[in-house]
Number of protein chains: 2
Amino acid sequence: MFTLSEENYLKAIYHLELDASKGISTNAIAEKLDTKASSVTDMVKKLSEKEVVIYKKYKGVTLTELGKTIAANVVRKHRLWEVFLVQKLNFSWDEVHDVAEQLEHIKSAKLIDQLDSFLGFPTHDPHGDPIPDRDGNLKTIEKSLLATLSKNESGICVGVDDSSSEFLQFLDKKGITLGKKITILDKEDFDDSLSILIEDRKLNISNKIANNLYIKKA
Amino acid sequence: MFTLSEENYLKAIYHLELDASKGISTNAIAEKLDTKASSVTDMVKKLSEKEVVIYKKYKGVTLTELGKTIAANVVRKHRLWEVFLVQKLNFSWDEVHDVAEQLEHIKSAKLIDQLDSFLGFPTHDPHGDPIPDRDGNLKTIEKSLLATLSKNESGICVGVDDSSSEFLQFLDKKGITLGKKITILDKEDFDDSLSILIEDRKLNISNKIANNLYIKKA
DNA sequence: ATATATTTTTAGTCAAGTCTAAAAATTAAT
DNA sequence: ATTAATTTTTAGACTTGACTAAAAATATAT
């Protein structure tokens, strides 16, 4: 059995491994968890003892298969709870994260299986992130950052990279929600800002926004 | 803010105070929480600092109004989650306790308000125990132990005293569930066992059972 | 290739919550 | 009203997870 702290470390390493080929540095983990590298070293030794990570001094950390499974399961729980909060309890997508951070540590296989079923076996959370299955596998769909699309290309909005409540509330204000179709009307070379069409409305958005919105090309 | 451990102490004291007029002894708390009296002394000092209990050495502990409110809120969460598990996730009433013990510590006012609403503002949990309102008040209904009824009296089954899964499963097996009408057909002086009528079926039950079943007299 | 800068680890400390064993207070018994 | 039994508290130690400051290893720059 793993403690709340251990689960958070595994989850952090799991997320960091998604976009990093080498071993994860203790510093990177420390930053992600808002703690100190020395604390990470201690914990990583413990996790290594428990055979959920492989750790060589000064060489960074990688998850073992077991570690990956455990981390994916925490992520699965987190995302299922997010769906629950939005679909059943009328939370908005920018309110769910902190509560899901707590709920993801509840231990009960039956609970999560039944929740999954109750929600109709959702495949993605409210931010468009895929929900791992019971074995920890997640099918990733081909999605592109809006910023990478060319003029006149279009697609469906399927996810966000940054899921801070500030960004999500900004999207709400602009009427940009998952599932909507977006077409690039124009790209401005000067500042890489975009002119887009979304549901018959024309909108100008900055490059920063375009770099945090995922599109499934049509 | 209170830690998980602090909340569990407050809840234990809260439950113990329900059927005890004097201050609660550290020993009683220790037994309830399956810990040692010395640990309780330490914690009770801390809770006293935080003004949620009143503690005089060797004299036992009582909750302050603040302490009562906090404890009642934990109990409220516990019981709402139990309702959720049974009504929405198809748990049986003997499976919910351990999971609710975890869920009761999730911190989010919105979560619990929305859950309450989602469940239709239930007044009692699956074991017939009342759910405190947002202010910690609970309305107790007049209920009697089945063992206290006399021959030919009858009433509705409204709760259990012992909610161990063993006892609950026993009741399931016998077809005794909340809401059913029970009539005392006969009482046996020798062993205080009862002959009862429940939904046209005649049943013999021991005194031990009768002392753990609550009835609302008809 | 050596010096400098950065990253990572070690060593020692701390707080929360628990424990055991011993001491002190309270309660019960003669 | 002492003595004996029980309960409660204190004192000191342990574990988990974190921290700071110093040492060691690695990476960078001239």
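Below, chain A is the first sequence line, B the second, and so on; all start at residue 1. These numbers were taken from a predicted model, which means no experiment stands behind them.
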For A:Lys59 and C:dT9, what is the distance between atoms NZ and P respectively, to the nearest whole Å? 11 Å

Between P on C:dA16 and CD on B:Glu49, what's the gap in Å once rounded to a whole number? 11 Å

Determine the interplanar angle of the A:Phe118 and B:Phe84 rings, folded into 0 to 90°, and report it as parallel if under 30°, tilted if 30 to 60°, perpendicular if over 60°. perpendicular

Interatomic distance, CG@B:Leu63 vs OH@B:Tyr14, rounded to 0.5 Å, equals 9.0 Å

Heavy-atom side-chain proximity of A:Val74 to A:Leu10 below 4.5 angstrom: no

How many whole angstroms separate atom CD of A:Glu6 from atom P of D:dA18? 10 Å

Please determine whether the number of non-hydrogen atoms from other residues, nucleotides or ligands lying under 6.0 Å from atom CD of A:Glu31 exceeds 12. no

Please tell me which of the listed nucleotides, C:dT9, C:dC19, D:dA18, lies nearest to the side chain of A:Met43? D:dA18

Side-chain contact, heavy-atom cut-off 4.5 Å: B:Phe167 with B:Asp94? no

Among C:dT10, C:dT18, D:dA18, which nucleotide has an atom closest to any side-chain atom of B:Tyr9? C:dT18

Think A:Lys45 has a side-chain N or O under 4.0 angstrom from the OP1 or OP2 of C:dT10? yes

Judged by nearest nucleotide, the residue sitting upstream toward the 5' end of DNA chain D, A:Lys57 or A:Asp42, is A:Asp42

Side chain of A:Tyr55 - closest among C:dT26, C:dT9, D:dT10: C:dT9

D:dC19 C1' sits how many Å from A:Asp34 CG, rounded? 13 Å

Please produce a list of atom pairs where a protein N or O lies less than 3.5 Å from an N or O of nucleotides 23-25 of chain D.
| unit_1 | atom_1 | unit_2 | atom_2 | d |
| --- | --- | --- | --- | --- |
| D:dA25 | O4' | A:Tyr58 | OH | 3.3 |

Do A:Ile209 and A:Phe170 pass the side-chain contact (heavy atoms from CB on, under 4.5 Å) test, and can you show the C-alpha distance, the side-chain angles, and the key distance before you say yes or no? CA-CA 9 Å; A:Ile209 303 302; A:Phe170 172 87; 3.3 Å; yes

Close residues, residues 10-33 of chain A, relative to DNA chain C [heavy-atom separation under 4.0 Å]: A:Ser25, A:Thr26, A:Asn27

Would you say C:dT18 has OP1 or OP2 under 4.0 Å from some side-chain N or O of B:Ser38? no

Salt-bridge test for A:Lys68 and A:Glu65: reply yes if a basic N is under 4.0 Å from a carboxylate O, no otherwise. yes

Nucleotide D:dT16, atom P - distance to CZ of A:Phe2 in whole Å: 14 Å

Enumerate the salt bridge (Lys or Arg N to Asp or Glu O under 4.0 Å) contacts for residues 47-60 of chain A, please, sequence neighbours excluded, ordered by first and then second residue. A:Glu6-A:Lys50

With a 4.0 Å limit, can you tell me whether A:Ser39 has a side-chain N or O closer than that to the phosphate oxygens OP1/OP2 of D:dA18? no

Send over the distance from A:Lys36 NZ to C:dT7 C1', rounded to a whole Å. 15 Å

For B:Ser5, which contact category applies under a 4.0 Å heavy-atom criterion: base, sugar-phosphate, or nothing? sugar-phosphate

Given D:dT9, C:dT10, D:dT26, the nucleotide with the shortest approach to the side chain of B:Ala37: D:dT9

Working note: A:Leu168 + A:His127, criterion side-chain contact (heavy atoms from CB on, under 4.5 Å); need CA distance, chi angles, decisive distance, verdict. CA-CA 9 Å; A:Leu168 297 176; A:His127 313 111; 3.6 Å; yes

A:Asn8 CG - D:dA18 C1' separation (whole Å): 14 Å

Determine whether B:His15 and B:Lys11 make a side-chain contact, defined as any pair of heavy atoms from C-beta on separated by less than 4.5 Å. yes

